[in-house]
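Heads up: the structure comes next, in structure tokens.
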Amino acid sequence: MTPSALAQFRSSDEAWWQTAISRNEPNLIEIRGYPVQELIGRLSFTDLIALLAIGRLLSDGERRILDAALVAGADHGPRAPSIAAARMAVTCGVTFNSAVATGINLLGDYHGGAVEGFMELLSDLAGPSMSDEERRSAARQLVASFRERREPVPGFGHQLHDRDPRRARMIALLEEAVDDGTIRGVYLGTALTIEAALADAVGRELPLNVDGLTGIVYLELGFPAEVAQGLFSLSRGAGIVAHALEERLAGARIKGPCPPGDELVRYVGPPPRSLTSSSSSADASYSREFWSTFGEDGICVYWGLSREGLEQLDALTRRRLVRFTNDVAYGDEEERDTLLAEVAGLADNDRAAALRRLVSDDA
Ligand SMILES: CC(C)(COP(=O)(O)OP(=O)(O)OC[C@H]1O[C@@H](n2cnc3c(N)ncnc32)[C@H](O)[C@@H]1OP(=O)(O)O)[C@@H](O)C(=O)NCCC(=O)NCCS
């Protein structure tokens, strides 16, 4: 068990905060022993990341591939949950840094955070003394064990791309770095061996994704797996900041995961019911809580329309009806009661026709 910080402090002669990274005293800032004023203007941000995290300066070749990894992961548009979450957060009025943190916090095992698990398994498999055949056999076993557990091998596959444009470019850069002696290439070779074993096992290609590609770079440069999600956060953080800014400048408030009334949200729980009455009339079903989850089934209950009645309406009219109903539900109470009473008195067919008319008036 890890000792408590207090126990560790009491049983050693270490300071409460002991760091080998930086020294900060009045009028003095040093990073890994270098005065900060020497670093400013000489080091790129990529150099600084390496100096801070692993305590050494990069060669030109190393900087090139670390830079490439940071660029590769920076953005994937609002399709990426991390980006969409930050954009949503910014429209909710939270502070800008909180919106950025919201995006970063979505990086998990299946999205952006697979890099750590990938690096761990790659480290286990990349023993320098292994022959190629031993490595191939170990890769086959690794893939088989993931498939037995019905778990995806981290670092491979993508929801959107089957030919991710980042893969070929990153592999080419890594191969160049092997050729010019910048890196040894053991991790690159092992990753490609796993990729081939996975394709054989699944029967189609599941190429290295950005987590895998960047994980190879981090390992080749000597970063430990524990820091990988942090590096990815720095990279994706740049994209998240830009998207959050764009959304903020667009100025809209409260952007949810999908527009209200959209058929993407479907309530599948029990129909509206009451603790005090068994009535399922449209009136009894009205409640604000209900409106937060309603969909087409909710529309049926609200207007007292059967499913068949609703299906007489085309998709556009149905969508308009959801929007219209929302307006009615939140609108003037007297108008709402009049409309409900008018429609409630009609037979199903007439009811659908009346609703169609109401909605086209609305449109
Ligand atoms: C990214 C990911 C979630 C995409 O999943 P997806 O959209 O379901 O992927 P696909 O539709 O291309 O593939 C579905 C099939 O391939 C399999 N598959 C996909 N990625 C796989 C992987 N990395 N290892 C093993 N099998 C995988 C799935 O199990 C599924 O098989 P099934 O149809 O027999 O159930 C998935 O590839 C994954 O979990 N990868 C590992 C995690 C990772 O690296 N995430 C970072 C993404 S940038």
Side-chain angles (χ1 to χ4, degrees), residues 65-66 68-87 102-126 135-171 173-174 187-188 190-220 223-240 243 257 264:
I65 56 172
L66 182 56
L70 295 170
V71 169
D75 188 21
H76 205 270
R79 274 176 178 280
S82 50
I83 302 272
R87 295 188 71 130
T102 302
I104 300 277
N105 282 335
L106 253 70
L107 299 172
D109 282 354
Y110 305 123
H111 171 50
V115 57
E116 186 175 330
F118 170 83
M119 285 170 73
E120 279 161 3
L121 69 88
L122 201 55
S123 303
D124 290 346
L125 222 69
R135 210 183 305 284
R136 271 196 293 275
S137 158
R140 278 195 295 272
Q141 279 172 31
L142 176 118
V143 167
S145 77
F146 270 90
R147 284 174 63 74
E148 257 170 48
R149 301 198 303 272
R150 302 188 66 78
E151 280 178 25
V153 186
F156 300 87
H158 201 281
Q159 216 159 42
L160 183 63
H161 311 294
D162 55 8
R163 220 166 268 279
D164 189 329
R166 294 167 290 191
R167 182 193 173 281
R169 179 65 179 146
M170 286 299 297
I171 298 291
L173 284 173
L174 282 159
Y187 295 106
L188 171 63
T190 307
L192 293 173
T193 308
I194 301 174
E195 187 182 54
L198 186 58
D200 278 351
V202 175
R204 71 184 172 92
E205 290 191 355
L206 281 169
L208 278 156
N209 57 36
V210 72
D211 292 41
L213 295 162
T214 53
I216 299 170
V217 172
Y218 302 154
L219 281 172
E220 293 283 356
F223 286 92
E226 287 85 346
V227 78
Q229 294 188 350
L231 296 179
F232 192 78
S233 299
L234 290 175
S235 161
R236 178 54 57 88
I240 287 175
H243 280 274
L264 291 172

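If you read the sequence from its start, that first residue is 1, and numbering goes on from there. Just follow the structure's listing: the first ligand is 1, and inside any ligand the first atom is 1.
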Inset, instruction - Return the orientation label for the Tyr218 and Phe223 ring planes: parallel under 30°, perpendicular over 60°, tilted otherwise. - result: perpendicular
Once you restrict both partners to nitrogen or oxygen, which atoms of ligand 1 have a protein partner under 3.5 Å, and how far apart are they?
residue	atom	partner	partner atom	Å
ligand 1	12 (O)	Arg204	NH2	3.4
ligand 1	13 (O)	Arg204	NH2	2.8
ligand 1	16 (O)	Arg204	NH2	3.1
ligand 1	23 (N)	Val153	N	3.4
ligand 1	23 (N)	Val153	O	2.9
ligand 1	23 (N)	Phe156	O	2.8
ligand 1	24 (N)	Val153	N	2.9
ligand 1	37 (O)	Phe156	O	3.4
ligand 1	40 (N)	Phe156	O	3.0
ligand 1	44 (O)	Gly155	N	2.8
ligand 1	44 (O)	Asn209	ND2	2.8
ligand 1	45 (N)	Tyr110	O	3.2

Inset, instruction - Mind checking side chain to side chain donor-acceptor pair (under 3.5 Å) for Arg136 and listing every partner two or more places apart, or none if nothing turns up? - result: Glu133
Legend entry - Any donor-acceptor pair under 3.5 Å from His243 side chain to Ala84 backbone: no
Legend entry - Residue list, ring pair (Phe, Tyr, Trp, His ring centres under 6.0 Å) with Phe232, at least two apart or on another chain: none
Inset, instruction - Flag the pair Arg167 and Glu195 as a salt bridge only when some basic side-chain nitrogen lies within less than 4.0 angstrom of an acidic carboxylate oxygen. - result: yes
Inset, instruction - With sequence neighbours left out, write down each residue that passes side chain to side chain donor-acceptor pair (under 3.5 Å) with Asn105, or none if nothing qualifies. - result: none
